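Chain identifiers are assigned alphabetically (A, B, ...) following the order of the sequence lines, protein sequences preceding nucleic acid strands; residue numbering begins at 1 within each chain. Not measured: the values here are computed from a predicted model.
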Number of protein chains: 2
Amino acid sequence: MSLKHAILVLLETEPGSGYDLLKRFREHIGYFWNASHQQIYQQLKWMHEAGWLALRTEPQQGKPDRKVYELTPEGHAALLEWLAETSKPQKVNDSLLVRLYGGHLREADNIRADIAHHRKLYEQSRAALLAIEQHYLALPEAERQPYRFPYLTLRRGILSVQAWLDWADEVDAVLNHL
Amino acid sequence: MSLKHAILVLLETEPGSGYDLLKRFREHIGYFWNASHQQIYQQLKWMHEAGWLALRTEPQQGKPDRKVYELTPEGHAALLEWLAETSKPQKVNDSLLVRLYGGHLREADNIRADIAHHRKLYEQSRAALLAIEQHYLALPEAERQPYRFPYLTLRRGILSVQAWLDWADEVDAVLNHL
DNA sequence: AGCAAATATGCAATTTTTTGCATAAAAATA
DNA sequence: TATTTTTATGCAAAAAATTGCATATTTGCT
């Protein structure tokens, strides 16, 4: 529904290829937007055909051409239009919690392992986000300016991951005196 | 992908109609699973045809029949099988944060209004979840037992909503000295 | 040197979700 | 009494996401 617009926001900040976008989704904004490479390439194709994106093909020695996309004025207009809409509340679908809800049908060890597995992922995520934050905070005031808004979203990622880990501690405490 | 299984978990706890499920999704577990009525009725049909659910039609005076679904042994088996799988990390797609990421293209007041609008929703959600928690904590030990696992998911909802509100405070502080 | 992983792009089929439409009675509110 | 909201169910078309397949080079590791 708004992967198109997520792509517009990213390309407005900095033009890039489909693979560049994939990495940005994975490494930088995965705590608020996720997309597979198939999805991204499909959308880029659609957006290019709709006139939202211009395509610059950079020939590379030996390697296949690098296809760099950037916003057209139409794409910019579409982005502004979308930004003005009021966003619907986030739709959450978390199967880990569905599984926990049905915990009475599972082995306690299975639940513990499930939580432990996710804990590792969230801890990795927290470390990555905190590293990005340190990098941002080390910048001189002037260079921080353009990242003001992305930084606010980064804070959301950090608080959100931390809240998950705090909850996991509660869960482990309960599971351990079962 | 696992709406089917979310429905199985809910019906395992207590049989009910499509509308009952809709209300449970909306009022009780909306912080970890959401589904529209169209989705629910479609899935119920599929699950019934697949032999996962038995249908009991309760005639009502005047009113149209109440269609109550409950798990068959096959449905129960399907649920147990799914519960044993390891759950993939939650896929997050939050358009509010995409919009905030592109905040440099928006009016500050527009952003503030957007945050304020969502803050109201999250505050309502927090109040509802805390009320459910109070209700649970007021139960005598024995009656609390069957709700142990749902209570853990409720805690996730509470911590999660609180983390969002804490973040919104940070955002407001930054936006106000812009 | 050989193999795995990362880089880089895409098509096609299937599944899932969303959106729009449709009906109809009961309960609540003005 | 009239209108709106809630209860209650469902079909069909369109949009979006997932899954499986396919290709080819480069980089890092053993």
Considering all heavy atoms of both residues, which atom of Arg99(A) and which atom of Arg106(A) are nearest to each other, and what is their separation?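 Shortest heavy-atom separation between Arg99(A) and Arg106(A) comes out as O-NH1, 3.3 Å.
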For Gln43(A), answer base if it contacts any base atom (sugar-phosphate contacts may also be present), sugar-phosphate if it contacts only those atoms, and nothing otherwise; contact means non-hydrogen atoms under 4.0 Å.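 The answer is nothing, as Gln43(A) stays clear of every strand by at least 4.0 Å.
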Is the NZ or CZ atom of Lys4(B) both under 6.0 Å from the centre of the six-membered ring of Trp52(B) and within 45° of that ring's axis?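 Ring-cation test returns no.
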Could you tell me the separation between the [atom1] atom of [X] and the [atom2] atom of [N], rounded to a whole number of Å?
X        : N       : atom1 : atom2 : value
Met47(B) : dG10(D) : CE    : C1'   : 17 Å
Arg24(A) : dT7(C)  : CZ    : C1'   : 17 Å
His37(B) : dT18(C) : NE2   : P     : 12 Å
Ile40(A) : dT7(C)  : CD1   : P     : 13 Å
Leu44(A) : dA17(D) : CG    : C1'   : 16 Å
His48(B) : dG10(D) : NE2   : C1'   : 15 Å
Leu21(A) : dA8(C)  : CG    : P     : 12 Å
Asp20(B) : dT6(D)  : CG    : C1'   : 14 Å

Has [X] got a side-chain N or O lying under 4.0 Å from the OP1 or OP2 atom of [N]?
X        : N       : answer
Lys45(A) : dC11(C) : yes
Lys91(A) : dT18(C) : yes
Gln39(B) : dT18(C) : yes
Tyr19(B) : dT9(D)  : no
Lys4(A)  : dA16(D) : yes
Ser17(A) : dT9(C)  : yes
Tyr41(B) : dT9(D)  : yes

Kindly say whether [Y] contributes a backbone atom to a donor-acceptor pair with the side chain of [X] at under 3.5 angstrom?
X        : Y         : answer
Tyr31(B) : Ile158(B) : no
Gln39(A) : Ser36(A)  : yes
Thr72(A) : Gly51(A)  : yes

Would you mind telling me which of [options] lies closest to the side-chain atoms of [X]?
X        : options                   : value
Tyr69(B) : dT17(C), dC11(C), dG10(D) : dG10(D)
Gln42(A) : dT7(D), dG20(C), dT18(D)  : dT18(D)
Lys88(A) : dT19(C), dA17(D), dT7(C)  : dT19(C)

Closest-nucleotide mapping onto DNA chain D: is Arg26(B) or Asn93(B) further toward the 5' terminus? I mean the 5' end.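 Residue closer to the 5' terminus by nearest nucleotide: Arg26(B).
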Identify, between Ser36(A) and Lys23(B), the residue whose nearest nucleotide on DNA chain D lies closer to the 5' end.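 Here Lys23(B) is the residue nearer the 5' end.
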Are Leu79(B) and Leu3(B) grouped together when hydrophobic residues (ILVMFWY) are joined by side-chain heavy atoms under 4.5 angstrom apart?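 Cluster IDs for Leu79(B) and Leu3(B) match.
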